[in-house]
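Basis for what follows: all heavy atoms, side chains included, without hydrogens, waters or symmetry-related copies. Whatever order the structure lists ligands and atoms in, that order sets their numbers, starting from 1.
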Amino acid sequence: MNLSSLSFFRSLRTNNNNKRQFAVVGLGRFGRGVCWTLHRLGYEVLGVDADEKKVAQILTDQIAAHAVQLDSTEPAALKEAGISDFDTVIVAIGNYLEASVITTLNLKEAGVPHVVAKASSDIHVKLLQKVGADHVVFPEHEMGCALARSLTKPAILDRFDLDTDHSIVEVIVPDEFHGKTISELQLRNRFGLNLLAVSHDSKFEINPNPHQRLYKGSAMVVIGCNKDINRLPI
Ligand code: ATP
């Protein structure tokens, strides 16, 4: 389970308009980060926390349009705040398992279409899924995995996991590929990978011409099976 799960984003896209409203329940470091980014992207965000200091702080820092102090384990309090009118609510309560699970359940029972919940352990992930979270993130675990991958495969600049076995990766062109044309490299035959784009002067060319040569230091984007991506000479 990770942030780049396609099925979740597909479901969000069905309701993709600029009027989308977000609420973030829990204004710890993670919740504030979510609020800050949504706010900067121009979305209207409601910040929610039981702690009135956190609520006041988020307004002072101007990282949410609105903020309200309430106990999200109370369905009546959520109803009064109009939470069911929000398209997407992020439950950013990682350290209080009971409050996190009850809040998620309350939000789904109130009819919120997309509830994203933050977990802080494997069992927390399972509980959030059981009570109906549409998407569960486990940032500490995901960051740990990403760090391990970047340490062992520094040539992989970015990756988008399509599912557990398939990814799209941006990778530095391996030395072995330097000066060869795309057709000479036979990426599909040799590695089972499809080349989607190559970089030129910090811009990507999509569906590059097969006669084009690749040069070390530039980047390419490929799609395929993770085990095939791991066979690239990087
Ligand atoms: P960190 O801040 O350490 O990164 P985190 O982002 O997971 O962790 P938590 O420590 O879990 O944050 O706390 C998130 C916020 O959730 C806290 O500000 C806390 O006041 C708030 N909170 C906890 N229980 C409730 C609740 N029942 N209703 C509303 N807010 C709550």
Side-chain angles (χ1 to χ4, degrees), residues 1-5 8-9 12 20-41 43-151 161:
M1 190 65 59
N2 72 46
L3 276 170
S4 30
S5 157
F8 177 72
F9 289 110
L12 278 184
R20 277 221 339 260
Q21 291 186 320
F22 295 89
V24 176
V25 182
L27 302 173
R29 286 175 292 183
F30 181 81
R32 278 177 60 92
V34 176
C35 280
W36 185 75
T37 304
L38 288 171
H39 190 65
R40 277 174 54 110
L41 290 170
Y43 289 95
E44 204 164 303
V45 186
L46 169 72
V48 176
D49 203 289
D51 181 344
E52 66 184 39
K53 284 198 207 118
K54 297 260 173 75
V55 172
Q57 192 63 49
I58 207 158
L59 291 172
T60 309
D61 296 343
Q62 298 186 338
I63 58 174
H66 315 279
V68 60
Q69 188 245 326
L70 60 81
D71 179 354
S72 56
T73 62
E74 295 290 336
L78 290 172
K79 193 173 174 207
E80 199 181 322
I83 291 281
S84 55
D85 298 338
F86 286 77
D87 309 289
T88 304
V89 180
I90 298 99
V91 182
I93 306 175
N95 294 312
Y96 306 91
L97 190 134
E98 190 179 340
S100 151
V101 170
I102 295 173
T103 300
T104 303
L105 177 70
N106 287 344
L107 292 168
K108 286 314 292 179
E109 289 198 334
V112 175
H114 297 108
V115 176
V116 184
K118 179 198 173 188
S120 52
S121 67
D122 288 334
I123 192 74
H124 196 175
V125 171
K126 280 190 191 159
L127 288 167
L128 291 168
Q129 287 167 340
K130 290 265 183 219
V131 295
D134 298 283
H135 190 62
V136 179
V137 294
F138 187 175
E140 288 85 355
H141 176 75
E142 285 151 24
M143 271 309 296
C145 296
L147 176 66
R149 279 202 292 247
S150 68
L151 292 172
D161 294 331

OG1-CD distance between Thr103 and Glu98, expressed to the nearest 0.5 angstrom: 10.0 Å

Test of proximity, Asp71 against ligand 1: N or O pairs below 3.5 Å: yes

Polar proximity ligand 1 side, Ile93 side, N/O cut 3.5 Å exclusive: no

Test item: side-chain donor near acceptor, Gln62 and His39, under 3.5 Å: no

Contact atoms of ligand 1, heavy-atom distance to Lys54 under 4.0 Å: 17 (C), 18 (O)

Close N or O approach (Ala50, ligand 1; < 3.5 Å): yes

Proximal ligand 1 atoms for Phe30, defined as those under 4.0 Å from one of its heavy atoms: 4 (O), 6 (O)

Partner of Cys35 under side-chain contact (heavy atoms from CB on, under 4.5 Å), chosen from Ile58, Ile90, Asp61: Ile58

For Thr73, atoms of ligand 1 separated by under 4.0 Å from a heavy atom: 27 (N)

Distance (rounded to the nearest 0.5 Å) between Ile102 CD1 and Ser72 OG: 9.0 Å

Leu70: numbered ligand 1 atoms lying under 4.0 Å from its heavy atoms: 28 (N), 29 (C)

Nearest non-hydrogen protein atom, atom 14 (C) of ligand 1: Ala92 O, 3.5 Å

For atom 13 (O) of ligand 1, closest protein heavy-atom neighbour: Tyr96 CE1, 3.7 Å

Close side-chain approach of Val89 and Ile83, heavy atoms under 4.5 Å: yes

Polar proximity ligand 1 side, Asp49 side, N/O cut 3.5 Å exclusive: yes

Salt bridge Lys118-Glu140, side-chain N to carboxylate O under 4.0 Å: yes

From Asp122 atom CG to His141 atom NE2, the distance as rounded to the nearest 0.5 Å: 7.0 Å

Separation of Asp134 CG from Leu107 CG (nearest 0.5 Å): 10.0 Å

Gly94, any N or O under 3.5 Å of ligand 1 N or O: yes

Protein residue, atom and distance nearest to atom 24 (N) of ligand 1, heavy-atom basis: Ala99 CB, 3.7 Å

Closest protein heavy atom to atom 5 (P) of ligand 1, given as residue, atom name and distance to 0.1 Å: Lys118 NZ, 3.5 Å

For atom 1 (P) of ligand 1, the protein heavy atom that lies nearest, with its residue and separation: Arg29 NE, 3.5 Å

Nearest-neighbour protein heavy atom for atom 16 (O) of ligand 1, which is reported as residue plus atom name and distance: Gly26 CA, 3.4 Å

Separation between CG of Asp51 and CG of Asp71, rounded to the nearest 0.5 Å: 12.0 Å

Nearest heavy-atom neighbours spanning Leu59 and His66: CD2-C, 4.1 Å

Any N/O pair Ser72/ligand 1 closer than 3.5 Å: yes

Any donor-acceptor N/O pair, Thr37 side chain to Val34 backbone, under 3.5 Å: no

Heavy atom of the protein closest to atom 8 (O) of ligand 1 (residue, atom name, distance): Asn95 ND2, 3.3 Å

